[in-house]
Amino acid sequence: MHRRAAEIPVPAASGPTLGQAAREFLERGGLDAGTVRSYGQTLRRLRLAVGDRTPLASLTADHVARAFNAAWGEAAAATWNRHRSAVRSFGAWASMEHLAAGLDRRAETRPRTRGIGPAQLEVLWDRLDLPLRERTLWRLLHESAAGVTAVLSLNVEDLDLDDRRARAGGSWVSWRSGTARLLPDLVAGRTRGPLFLTDRRPGPSRVPAQADLCPETGRRRLSYERAEYLFKQATRSLDPAGDGYTLRRLRYPT
């Protein structure tokens with residue numbers, strides 16, 4: 001039976017695979033580093049769920065809906081809608097607008113976000129046992145009131161240490177004395193590349209976009225997910241609920 005099965009001709013798949021199409025979509029010109037990162041997260045989960053070698057033409061709205069429900073079925077509405085938007089953009093680029101047909105937009109509720117109390121912040125700022133990268137990131141988020149994505153997108157060459165500001169896309173991120181004391185040590189020996197870096201170099205199977213790779217250390221830009229995890233772990237003892245705080249709470253007053 002194995003011999004007979006092997007003799008059955010199998011037509012070669014025509015057209016690009018999902019993996020090929022995803023790479024072409026992310027490598028096209030006109031996308032900034034933040035957009036590539038965001039779209040890449042969505043397509044990576046889709047590729048894992050469906051398979052890189054799946055012919056793009058055979059991809060259906062049901063495939064996408066199942067992948068979304070498995071990955072983000074319990075996620076917040078904003079997270080769901082962000083990944084939905086990425087699939088819609090990919091579908092429009094590939095002339096397959098039907099891919100998001102099974103993904104309804106979720107209503108987003110935006111309750112008032114409370115900041116972390118001054119006493120808790122002082123405890124956090126006094127934690128000199130924490131890595132310099134984390135202490136600098138948290139101070140910068142708090143003093144600038146900028147979004148996490150904008151701060152993580154900063155590059156060393158964009159910093160203006162004298163004027164305490166840096167260009168982030170079409171706007172500026174500014175900081176105060178606490179960040180100003182930490183930044184010189186964080187960037188010591190580096191003149192370009194992402195400001196906030198991972199601890200290790202990426203493996204050969206996970207090569208990041210060139211804009212997210214430090215040309216001097218070989219390490220990649222710190223991801224939102226990793227930064228969020230580390231902050232939650234560090235603030236569990238400060239959170240009465242024991243869950244740890246999200247990075248967004250650093251930018252809001254109490």
Which distance, rounded to the nearest 0.5 Å, do you find between the [atom1] of [X] and the [atom2] of [Y]?
| X | Y | atom1 | atom2 | result |
| --- | --- | --- | --- | --- |
| Ile116 | Asp239 | CD1 | CG | 9.0 Å |
| Thr235 | Arg249 | OG1 | CZ | 9.0 Å |
| Arg135 | Leu124 | CZ | CG | 10.5 Å |
| Asp32 | Arg37 | CG | CZ | 8.5 Å |
| Gln120 | Glu122 | CD | CD | 11.5 Å |
| Ser153 | Asp212 | OG | CG | 9.5 Å |

Who pairs with Trp80 by side-chain hydrogen bond (donor to acceptor under 3.5 Å, both in side chains), at least two apart in sequence or on another chain?
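None.
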
Residues in side-chain hydrogen bond (donor to acceptor under 3.5 Å, both in side chains) with Asp104, at least two apart?
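Not a single residue meets the side-chain hydrogen bond (donor to acceptor under 3.5 Å, both in side chains) criterion with Asp104.
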
Minimum heavy-atom separation for Val50 to His63, with atom names?
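Where Val50 meets His63 most closely, the heavy atoms are CG2-CB, 4.2 Å.
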
Side chain [X], main chain [Y], donor-acceptor under 3.5 Å:
| X | Y | value |
| --- | --- | --- |
| Glu228 | Thr246 | no |
| Tyr245 | Leu238 | yes |
| Thr17 | Gln20 | yes |
| Ser38 | Gly34 | no |
| Ser85 | Asn81 | no |
| Arg236 | Gln233 | no |
| Arg201 | Thr217 | yes |

Taking atom types as modelled and ignoring hydrogens, do the side chains of Asn155 and Arg167 form a donor-acceptor contact shorter than 3.5 angstrom?
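Side-chain D/A pair, Asn155 to Arg167: absent.
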
Indicate whether any N or O donor in one side chain lies under 3.5 Å from an N or O acceptor in the other, for Tyr224 and Gln41.
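The answer is no; no qualifying pair exists.
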
Determine, step by step, whether Thr42 and Phe90 satisfy the side-chain contact (heavy atoms from CB on, under 4.5 Å) criterion, reporting the C-alpha distance in whole Å, the side-chain angles of both residues, the deciding distance to 0.1 Å, and the verdict.
CA-CA 10 Å; Thr42 306; Phe90 176 66; over 6 Å; no

Hydrophobic cluster (4.5 angstrom, side-chain heavy atoms) - remaining members for Leu230
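Noted: Leu230 shares its cluster with Tyr229.
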
Ion pair Asp52/Arg47, N-O distance below 4.0 Å
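Looking at Arg47 together with Asp52, the answer is yes, because their closest N to O distance falls below 4.0 Å.
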
Would you call Glu143-Arg139 a salt bridge at under 4.0 Å N-O?
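Yes.
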
Ignoring hydrogens and angles, write down the donor-acceptor pairs under 3.5 Å from the side chains of residues 182-199, residues two or more places apart or on other chains.
from   : atom 1 : to     : atom 2 : distance (Å)
Arg190 : NH1    : Pro194 : O      : 2.7
Arg190 : NH2    : Leu186 : O      : 3.3
Arg190 : NH2    : Leu195 : O      : 2.9
Thr191 : OG1    : Glu216 : OE2    : 2.7
Thr198 : OG1    : Arg200 : O      : 2.8
Thr198 : OG1    : Arg220 : N      : 3.4
Thr198 : OG1    : Arg220 : O      : 3.4
Asp199 : OD1    : Arg133 : NH1    : 3.3

Neighbour count >12 (heavy atoms, 6.0 Å) for atom CZ, Arg88:
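Result for CZ/Arg88: open.
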
In chain order, what residues pass the side chain to side chain contact (heavy atoms under 4.5 Å, CB included) check against Ala180, with sequence neighbours excluded?
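Side chain to side chain contact (heavy atoms under 4.5 Å, CB included) list for Ala180, sorted by chain: Arg164, Trp175.
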
Do any side-chain atoms of residues 65-79 form donor-acceptor pairs under 3.5 angstrom with protein atoms, and if so which ones, sequence neighbours left out?
from  : atom 1 : to    : atom 2 : distance (Å)
Asn69 : ND2    : Ala65 : O      : 3.1
Trp72 : NE1    : His83 : NE2    : 3.3

